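Contents: one structure, followed by commentary.
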Protein chains: 2
Amino acid sequence: MTDLDIAEVAHRAGVPASTLRFYEEKGLIASIGRRGLRRQYDPGVLERLALIGAGRTAGFSLDEIGRMFAPDGQPRIDRQVLAAKAEELDRTIRELGVLRDSLRHAAACPAPSHMECSTFRRLLKAAASRAAAGARKRTARRS
Amino acid sequence: MTDLDIAEVAHRAGVPASTLRFYEEKGLIASIGRRGLRRQYDPGVLERLALIGAGRTAGFSLDEIGRMFAPDGQPRIDRQVLAAKAEELDRTIRELGVLRDSLRHAAACPAPSHMECSTFRRLLKAAASRAAAGARKRTARRS
DNA sequence: TCTTGACCTCAAGTCGACTTGAAGTAGGAC
DNA sequence: GTCCTACTTCAAGTCGACTTGAGGTCAAGA
C-alpha cells in the first residue's frame with residue numbers, strides 16, 4: 001500500500017495528472033500497475049519527476065531528458081554533458097545579471113528617456129554584441 | 001546612405017530576415033522606408049533589436065516587450081515595472097545559480113550513480129519542493 | 001534588354017509541451 | 001444495486017515564436 005495513486009503523485013509533484021500521462025506516453029515515467037483503471041506509481045516516481053523538473057529548468061528538452069535514463073531506468077547522465085550544461089547556464093546567468101542591472105539602472109535613472117542615458121546605451125551595446133555573436137539557442141524554463 | 005538594408009540588419013543582429021518582418025508585423029520594429037521592395041532600416045533598429053533580445057533572454061514575451069515601447073517608438077518603460085522585473089530576474093538568477101552549482105557538482109561527483117550522491121539528491125529535493133510549491137511559469141530563452 | 005536572385009506578401013505549417021473534450025468505466029459511498 | 005466521481009483513452013486543440021511555401025516584383029549586372 002505504499003504505491004501512489006496518480007492523483008497523489010500529481011499533488012505531491014505539483015503537476016497535473018494529464019502531464020503524468022503525457023510523460024508516460026513519452027516514456028519518461030512508468031506506472032507500476034493499475035487499481036481498476038487508475039494508474040498506481042512507485043514512490044520513486046517522485047524523485048524521477050524531480051529529476052525531470054530539474055532537467056527542464058536547466059533547459060533540456062523532454063527528449064534529451066529521456067535519453068539521460070539508462071534502459072534500466074537509472075539516471076545515467078554523461079558528466080561531460082553536465083559540465084557543458086553548467087557552463088552554458090553560467091553564461092546565461094552572467095547575461096541575465098547584466099540585464100538585471102540594466103533594468104535596475106533604467107528604473108532609477110533620471111534621464112528623460114532611457115535612450116538618452118549613457119549607461120543604458122552601454123548595456124544595450126553589450127547585449128547587442130552578445131546577441132550578434134551567438135547562434136539562437138533553445139528555451140530554459142523559469143521557476 | 002547610412003540606412004541599412006534588411007539583409008544587413010539581419011546579419012548584424014544575428015536574426016533571420018523573416019524574424020525582422022515578423023517583428024515589424026507585431027509592431028516591435030519599424031522600417032524607415034523601401035528601396036524598391038526592400039525594407040531599409042535606421043541603424044537605431046540594431047539597438048532596438050538588442051533591447052528585444054535582452055527582454056527575450058529575460059523571459060519576457062514579445063507582447064510584454066511591445067508594451068515597453070511608447071507609441072513614439074522610444075523605450076518608455078514604467079520604472080516600477082522595470083524594478084519589479086529586475087527583482088523577478090534576480091530571483092531567477094539565484095535559482096539558476098543553484099542549479100548550475102548542482103550540475104557542476106554532479107559532473108565532478110565520484111559517486112558511481114548520481115542517485116547515490118547526497119548532494120545530487122539534495123538538489124532534487126529542493127527542485128521538487130520548488131516545483132510542488134509554485135505555479136508553472138513561462139520560458140526564458142537562453143543566449 | 002534580359003536574366004537573376006534577393007527581396008516581397010499572405011497563408012499555412014512547425015515545434016515543444018502540454019491541455020482539453022468527448023465518450024466510456026470502475027471503485028466506493030449510500 | 002445504483003450513482004457519483006475521478007479516473008480512463010484518443011484525437012484534436014492551444015500557445016508563442018517563428019519558418020516555410022507559393023507566387024510575385026524589381027534593381028542591378030552581363
Side-chain angles (χ1 to χ4, degrees), chain A residues 1 3-41 45 49 51-68 131 135-143, chain B residues 1 3-41 45 49 51-67 131 134-143:
Chain A
M1 202 47 196
D3 289 359
L4 304 174
D5 182 90
I6 187 171
E8 180 73 8
V9 173
H11 176 245
R12 291 225 233 165
V15 299
S18 64
T19 299
L20 297 178
R21 284 188 282 267
F22 176 70
Y23 281 1
E24 181 170 329
E25 193 183 335
K26 289 222 116 190
L28 293 172
I29 60 173
S31 54
I32 204 65
R34 300 279 178 124
R35 177 196 297 280
L37 290 178
R38 298 166 192 219
R39 288 163 175 83
Q40 301 293 119
Y41 291 94
V45 80
L49 285 168
L51 194 50
I52 292 169
R56 297 272 300 114
T57 303
F60 297 111
S61 71
L62 292 183
D63 283 357
E64 279 179 302
I65 292 167
R67 275 181 249 117
M68 290 179 184
R136 271 13 196 167
K137 288 273 190 72
R138 267 303 87 202
T139 61
R141 187 187 59 173
R142 262 190 331 224
S143 201
Chain B
M1 202 45 191
D3 288 0
L4 305 172
D5 182 90
I6 187 170
E8 181 72 8
V9 174
H11 176 245
R12 290 226 235 164
V15 300
S18 64
T19 299
L20 297 178
R21 285 189 281 267
F22 176 69
Y23 281 0
E24 180 171 330
E25 192 182 336
K26 288 221 117 191
L28 293 172
I29 62 174
S31 54
I32 204 65
R34 301 278 177 124
R35 178 196 298 280
L37 289 180
R38 299 167 190 217
R39 288 165 176 80
Q40 300 295 118
Y41 293 95
V45 79
L49 286 168
L51 194 52
I52 293 169
R56 296 272 302 114
T57 302
F60 299 113
S61 71
L62 292 182
D63 283 356
E64 279 180 303
I65 293 167
R67 275 182 249 117
R136 263 35 188 147
K137 285 270 190 78
R138 265 306 84 202
T139 61
R141 187 188 59 175
R142 266 189 328 232
S143 208

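Keep in mind it's a predicted model, so treat the numbers as computed, not measured. Convention: sequence-line order gives letters A, B, ...; per-chain numbering from 1.
If you measure from atom CD of B:Glu8 to atom C1' of C:dC7, you get 15 Å, rounded to the nearest angstrom. With rounding to whole Å, B:Glu25 atom CD is found 16 Å from D:dT20 atom P. As rounded to whole Å, 11 Å separates atom P of C:dC18 from atom CD1 of A:Ile29. Atom-to-atom, CD of A:Gln40 to P of D:dC7 comes out at 11 Å; the value is rounded to the nearest Å. Following rounding to the nearest Å, A:Lys26 (NZ) and D:dC10 (C1') show an atom-to-atom distance of 17 Å. Between A:Glu24 atom CD and D:dC7 atom C1' there is a gap of 13 Å when expressed in whole angstrom units. In this structure, the CG atom of B:Leu20 is 17 Å from the P atom of C:dA6, given to the nearest Å. Look at CZ on A:Phe22: it is 15 Å from P on D:dT9, rounded to the nearest Å.
Each of D:dT19, D:dC7, C:dT19 was ranked by its minimum atom distance to the side chain of A:Ile6; first place goes to D:dC7. Set against D:dT19, C:dA17, D:dA17, the side chain of B:Ser18 has D:dT19 as its closest nucleotide. Here C:dT19 is the nucleotide among C:dT9, D:dT20, C:dT19 with the atom lying nearest to any side-chain atom of A:Thr19. Of the candidates D:dT19, C:dC18, C:dC8, the closest approach to any side-chain atom of B:Arg34 belongs to C:dC8.
Taking the nucleotide of DNA chain D with the nearest heavy atom to each of B:Asp63 and A:Arg21, the more 5' of the two is matched to A:Arg21. Take the nearest nucleotide of DNA chain D for B:Ser61 and for A:Asp5: the residue whose nucleotide is more 5' is A:Asp5.
A distance of 11.0 Å separates CG of B:Leu4 from CD1 of B:Ile32, quoted to the nearest 0.5 Å. Here CZ of A:Phe60 is found 10.0 Å from CG of A:Leu51. Values are rounded to the nearest 0.5 Å. Taking CG of A:Asp3 as the start and OG of A:Ser31 as the end, the distance is 10.5 Å to the nearest 0.5 Å.
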Check nucleotides 24-30 of chain D against the protein and report each pair of N or O atoms closer than 3.5 Å, with its distance, or say if there are none.
none

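Taking A:Asp63 as the reference, A:Lys26 meet the salt bridge (charged side-chain N to carboxylate O under 4.0 Å, His left out) condition, with sequence neighbours excluded.
The shortest distance between the side-chain N/O atoms of A:Tyr23 and the OP1/OP2 oxygens of C:dC18 is below 4.0 Å. Neither OP1 nor OP2 of C:dC7 sits under 4.0 Å from any side-chain N or O of B:Arg39.
Note on residues 15-25 of chain A: pairs passing salt bridge (Lys or Arg N to Asp or Glu O under 4.0 Å), not counting sequence neighbours, are A:Glu24-A:Arg39.
Scanning both residues, B:Leu62 and B:Leu28, for their nearest heavy atoms gives O-CD2, 3.7 Å.
Under the 3.5 Å distance criterion, the side-chain polar atoms of B:Glu64 are matched with a main-chain donor or acceptor of B:Ser61.
A:Ala17 comes within contact range of no nucleotide atom at all, as no heavy-atom separation falls under 4.0 Å.
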